[in-house]
Amino acid sequence: YERRIEVDAREPVMTVRYTLENTGRLAFRQTWYSHNFVCIDGRPIGTGYRLEFPFVPRLARSVGDAVAVDGRSLAYRRDLGPSEGMFAVVEGWGADPADNAVVVRGPTAALRIDGGAPVHRLHVFATGRTVCPELFVDLDLAPGAARSWADRYALEA
């Protein structure tokens with residue numbers, strides 16, 4: 001497993017590149033995701049935040065009443081307490097790698113996360129201090145096979 005972090009000197013962009021090689025004798029299938037803990041300008045998670053997707057999200061399962069679908073977004077309907085948590089399983093994405101994207105829009109700025117592989121599963125976790133979109137990637141590697149992918153993080157005003 002190799003992870004390489006690249007910071008763009010000209011733009012507010014960071015790219016994380018991953019490579020996983022199966023050096024064993026048996027094939028394996030596993031999912032991978034990044035926690036993507038996001039808090040913008042120290043602002044608590046709540047009504048000033050929304051998660052924007054390139055597809056219309058559906059809440060397959062949700063714990064708590066903090067978020068609701070609003071078009072192509074999950075919008076926070078209320079502020080979360082500092083130790084309160086929420087969790088949701090989101091569906092609606094397709095096989096296109098372009099669906100592996102989310103914009104975490106906060107009260108003062110936004111963070112765009114673009115993944116480099118099709119979405120396998122999508123969860124959202126949050127507390128009053130952070131929101132965490134988790135876009136899972138499916139890894140199916142035969143012995144000797146390798147897989148590379150990248151996540152790009154770009155700040156937006």
Side-chain angles (χ1 to χ4, degrees), residues 2-20 30-139 147-157:
E2 180 181 294
R3 179 175 55 191
R4 179 183 173 98
I5 300 171
E6 301 169 358
V7 178
D8 191 309
R10 299 174 313 273
E11 300 180 74
V13 173
M14 175 182 75
T15 303
V16 183
R17 299 188 187 284
Y18 309 91
T19 300
L20 180 64
Q30 181 64 45
T31 58
W32 174 93
Y33 71 98
S34 178
H35 282 293
N36 294 317
F37 291 112
V38 179
C39 178
I40 297 177
D41 289 334
R43 303 284 179 96
I45 307 305
T47 56
Y49 282 84
R50 66 190 303 109
L51 302 176
E52 300 168 355
F53 299 98
F55 56 87
V56 176
R58 284 189 320 273
L59 292 175
R61 192 174 96 209
S62 184
V63 176
D65 62 350
V67 296
V69 174
D70 181 14
R72 292 182 178 255
S73 300
L74 291 182
Y76 279 83
R77 301 175 354 164
R78 62 180 181 78
D79 296 340
L80 294 174
S83 61
E84 178 183 8
M86 65 79 49
F87 174 81
V89 175
V90 180
E91 295 179 343
W93 37 267
D96 188 342
D99 281 351
N100 189 341
V102 61
V103 176
V104 179
R105 190 159 310 279
T108 58
L111 175 67
R112 179 176 188 82
I113 305 168
D114 290 298
V119 177
H120 178 74
R121 189 167 61 225
L122 173 58
H123 296 170
V124 175
F125 168 76
T127 68
R129 292 183 267 206
T130 188
V131 60
C132 182
E134 301 167 339
L135 296 128
F136 288 72
V137 172
D138 187 37
L139 299 171
R147 171 100 182 265
S148 296
W149 69 99
D151 290 329
R152 181 178 186 271
Y153 298 82
L155 293 174
E156 300 178 355

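As the structure is a computational prediction, the values presented were derived from the model and not from experiment.
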Exam field: side chain [X] to backbone [Y], donor-acceptor pair closer than 3.5 Å:
X	Y	answer
D99	W93	no
D151	V16	no
T127	R129	yes
N36	P133	yes
R72	P54	yes
T130	V38	yes
Y49	R43	yes

Shortest non-hydrogen contact from [X] to [Y]?
X	Y	answer
L20	L139	CD2-CD1, 3.6 Å
I40	R105	CD1-C, 4.5 Å
D79	E84	O-OE1, 4.3 Å
L74	V90	CD1-CG2, 3.8 Å
F136	T31	CD2-OG1, 3.8 Å
V13	A154	CG2-CB, 3.9 Å

Working to the nearest 0.5 angstrom, can you tell me the gap between [X] [atom1] and [Y] [atom2]?
X	Y	atom1	atom2	result
R77	T47	CZ	OG1	12.5 Å
Q30	D138	CD	CG	9.0 Å
R152	D114	CZ	CG	6.5 Å

May I ask you to decide if the ring planes of W32 and W149 are parallel, tilted or perpendicular, using 30° and 60° as cut-offs?
-> perpendicular
Is any side-chain heavy atom of [Y] closer than 4.5 Å to one of [X]?
X	Y	answer
E2	R17	no
V137	Y18	no
I5	M14	yes
F55	L122	yes

For E134 and R121, what are the C-alpha separation, side-chain angles and deciding distance, and is it a salt bridge (Lys or Arg N to Asp or Glu O under 4.0 Å)?
-> CA-CA 8 Å; E134 301 167 339; R121 189 167 61 225; over 6 Å; no
Set of side chain to side chain donor-acceptor pair (under 3.5 Å) partners for T108, sequence neighbours left out | D41
Please walk me through it: do V131 and Y76 pass side-chain contact (heavy atoms from CB on, under 4.5 Å)?
-> CA-CA 11 Å; V131 60; Y76 279 83; 3.4 Å; yes
Pick one: which of V67, D65, I45 meets side-chain contact (heavy atoms from CB on, under 4.5 Å) with M86?
-> V67
